[in-house]
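What you see below is based on every heavy atom in this structure, not just the backbone, and it leaves out hydrogens, waters and symmetry mates. Letters A, B, ... are given to chains in the order of the sequence lines, protein chains preceding strands, and every chain is numbered from 1.
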Number of protein chains: 2
Amino acid sequence: MSPTPQERRAARHQLGTGPDAPAARRGPSGGRKKPITVDAIIASAFGIVEAEGYEALTMRRVAAALETGPSSLYAHVVNKEDLDELLIGRLCAEIELPEPDPDRWRQQITGVCTQLRDQYLRYPGISRAAFASAPSNLDTLRVGEGMLAILLAGGIAPQTAAWAIDSLMLYVGAYSLEVSLANRRLARSDEEWVVGRDELLRRFAALPDTFPNSKRYAAELTAGTLHDRFDFTLGLMLDGLG
Amino acid sequence: MSPTPQERRAARHQLGTGPDAPAARRGPSGGRKKPITVDAIIASAFGIVEAEGYEALTMRRVAAALETGPSSLYAHVVNKEDLDELLIGRLCAEIELPEPDPDRWRQQITGVCTQLRDQYLRYPGISRAAFASAPSNLDTLRVGEGMLAILLAGGIAPQTAAWAIDSLMLYVGAYSLEVSLANRRLARSDEEWVVGRDELLRRFAALPDTFPNSKRYAAELTAGTLHDRFDFTLGLMLDGLG
DNA sequence: CGGATCTACGAACAGTGTTCTACGTCACTA
DNA sequence: TAGTGACGTAGAACACTGTTCGTAGATCCG
């Protein structure tokens with residue numbers, strides 16, 4: 001008996017299921033170019049998200065990319081929620097975890113966070129799925145384990161390290177989601193709305209007098225690249241650790 | 001000419017429109033109990049989200065609560081996106097901003113963030129709308145102005161303060177969203193899946209040996225109330241400020 | 001060869017946001 | 001006072017969404 005999608009999902013969450021036999025049985029349309037597999041579904045999904053953003057990721061779009069109907073996917077995937085989880089799992093699996101070096105724990109943690117951020121930004125809006133996906137996923141836990149190892153090697157107390165990892169991963173996801181949404185808003189607005197930095201400054205200057213500080217420090221509020229802010233926040237959190 | 005919803009929306013973003021005349025003109029169904037107004041829509045929407053979560057907030061549900069059809073809403077609201085923006089605007093308007101006290105800036109900032117968190121958690125999942133909503137909303141900016149005033153009074157450099165506010169609001173939204181989603185997952189799973197802390201510990205213990213640190217420090221990883229983690233992260237960021 | 005088993009897929013269902021069009025009722029003008 | 005234009009209210013419909021049901025077809029095991 002080949003595993004149902006439900007069992008695959010349970011296995012991913014480490015709920016004690018037997019080993020899964022591949023059981024590559026071919027279906028009715030034997031003459032098709034590629035049989036539908038979970039990996040093929042994931043690959044198609046990534047392609048769609050990379051090209052058109054997470055909002056464009058629908059079951060029908062994936063099915064169409066695989067030249068089939070929507071219902072065919074449900075033999076390999078439980079849900080769209082399940083597909084989301086598979087995506088962020090695969091995404092986390094790509095993260096390279098360095099061998100912990102006590103003298104460079106700060107750079108190493110920053111490096112992992114930056115990898116995660118860049119993966120999220122490569123597939124715009126996918127971090128929204130990361131919020132919904134349960135943290136019991138094995139691939140997600142692998143990243144947590146890696147960061148924990150780095151922090152512990154750096155001499156951080158276990159309790160502090162555990163909570164800090166939570167905060168860091170949460171922030172990285174939130175940052176990526178916000179950037180993705182902002183980019184989408186920019187791209188969607190039919191030009192003309194393109195808010196350059198000077199336009200932003202003008203708008204701050206036009207604020208009513210109930211916003212004295214925002215008006216005075218408009219320059220500071222609008223300064224910096226996105227990644228500058230990212231680095232700043234990471235530094236903020238890491239400096240508090242030790 | 002009474003303002004179209006588009007104009008109302010533009011006014012909220014401070015785009016230079018004339019003053020809006022109320023023009024409370026009654027429609028055809030003069031005998032209805034309450035005429036449909038933007039405020040009535042917002043109130044109904046909040047009621048739905050508070051009772052059933054953000055996922056249940058649909059145009060049809062709001063319309064049904066107002067005893068009308070979905071299309072009637074579009075005379076007062078541009079979009080669902082627009083409705084979302086109205087909601088988080090109203091939500092931010094409820095935040096009380098203290099008079100800056102240089103000696104207590106830490107507590108004051110924490111207080112504002114806690115208010116924001118509790119508002120988000122009162123309406124589960126609504127923080128998802130906060131991510132999408134443009135930061136040019138006046139009510140959102142008011143909160144930013146208040147936090148900026150507190151940090152500046154506390155002697156924080158303007159550039160640091162501006163970026164820190166960004167990070168803080170982003171984290172508060174992310175935290176609230178994650179908690180809301182986790183609660184929903186817990187409530188939705190048909191009992192039996194209820195993962196108490198001991199069940200969580202058991203599951204950590206059952207991890208493969210590739211997760212040595214996660215297994216050893218399972219207690220630390222699962223320790224603490226949610227709000228403990230929130231306070232911890234806020235402390236982390238604020239300590240880095242000065 | 002026969003029966004069991006699993007994949008693939010078309011059709012359909014209950015939802016979603018949004019738009020079009022008509023319908024009354026109101027406020028203002030001649 | 002009668003007419004007229006404007007505006008809020010809806011009903012119906014469109015193009016979508018995720019998901020399920022039933023069925024046809026190919027494969028494997030006995």
I need the [atom1]-[atom2] distance between [X] and [N], as an integer number of Å.
X	N	atom1	atom2	answer
A/Y54	D/dT17	OH	P	13 Å
A/R61	D/dC16	CZ	C1'	13 Å
A/I41	C/dA8	CD1	C1'	12 Å
A/L73	D/dT17	CG	C1'	14 Å
B/L66	D/dT9	CG	C1'	12 Å
B/H76	D/dG8	NE2	P	7 Å

Pull out every protein N or O sitting under 3.5 Å from an N or O of nucleotides 19-22 of chain D, one pair per line with the distance.
residue : atom : partner : partner atom : Å
D/dT19  : OP1  : A/N79   : OD1          : 2.8
D/dT19  : OP2  : A/Y74   : OH           : 2.8
D/dT19  : OP2  : A/K80   : N            : 2.9
D/dT19  : O5'  : A/Y74   : OH           : 3.4

Touch class at under 4.0 angstrom, heavy-atom based, for A/T58 against every strand present
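It contacts sugar-phosphate atoms only.
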Just say parallel, tilted or perpendicular for the rings of B/H227 and B/Y175, cut-offs at 30° and 60°.
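Plane angle over 60°, so perpendicular.
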Indicate the atoms forming the closest heavy-atom contact of A/G89 with A/D139, along with that distance.
O-CB, 3.3 Å
Could you work out, with side-chain contact (heavy atoms from CB on, under 4.5 Å) as the rule, every residue matching A/R142, not counting sequence neighbours?
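If we apply the side-chain contact (heavy atoms from CB on, under 4.5 Å) test to A/R142, skipping adjacent residues, the hits are A/I95, A/L97, B/F211.
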Are B/R117 and B/F230 in a cation-pi setup, meaning NZ or CZ lies under 6.0 angstrom from the ring centre and within 45 degrees of the ring axis?
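The answer is yes, since B/R117 meets both limits relative to B/F230.
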With no hydrogens and no angle check, just 3.5 Å: does a side-chain donor-acceptor pair link B/T233 and B/Y171?
yes
For B/A130, does its backbone N or O pair with a side-chain atom of B/S127 as donor and acceptor, under 3.5 Å?
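No: the side chain of B/S127 does not pair with the backbone of B/A130.
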Within less than 4.0 Å of OP1 or OP2 of D/dT9, is there a side-chain N or O belonging to B/T68?
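So the side chain of B/T68 is outside the cut-off, no N or O lying under 4.0 Å from OP1 or OP2 of D/dT9.
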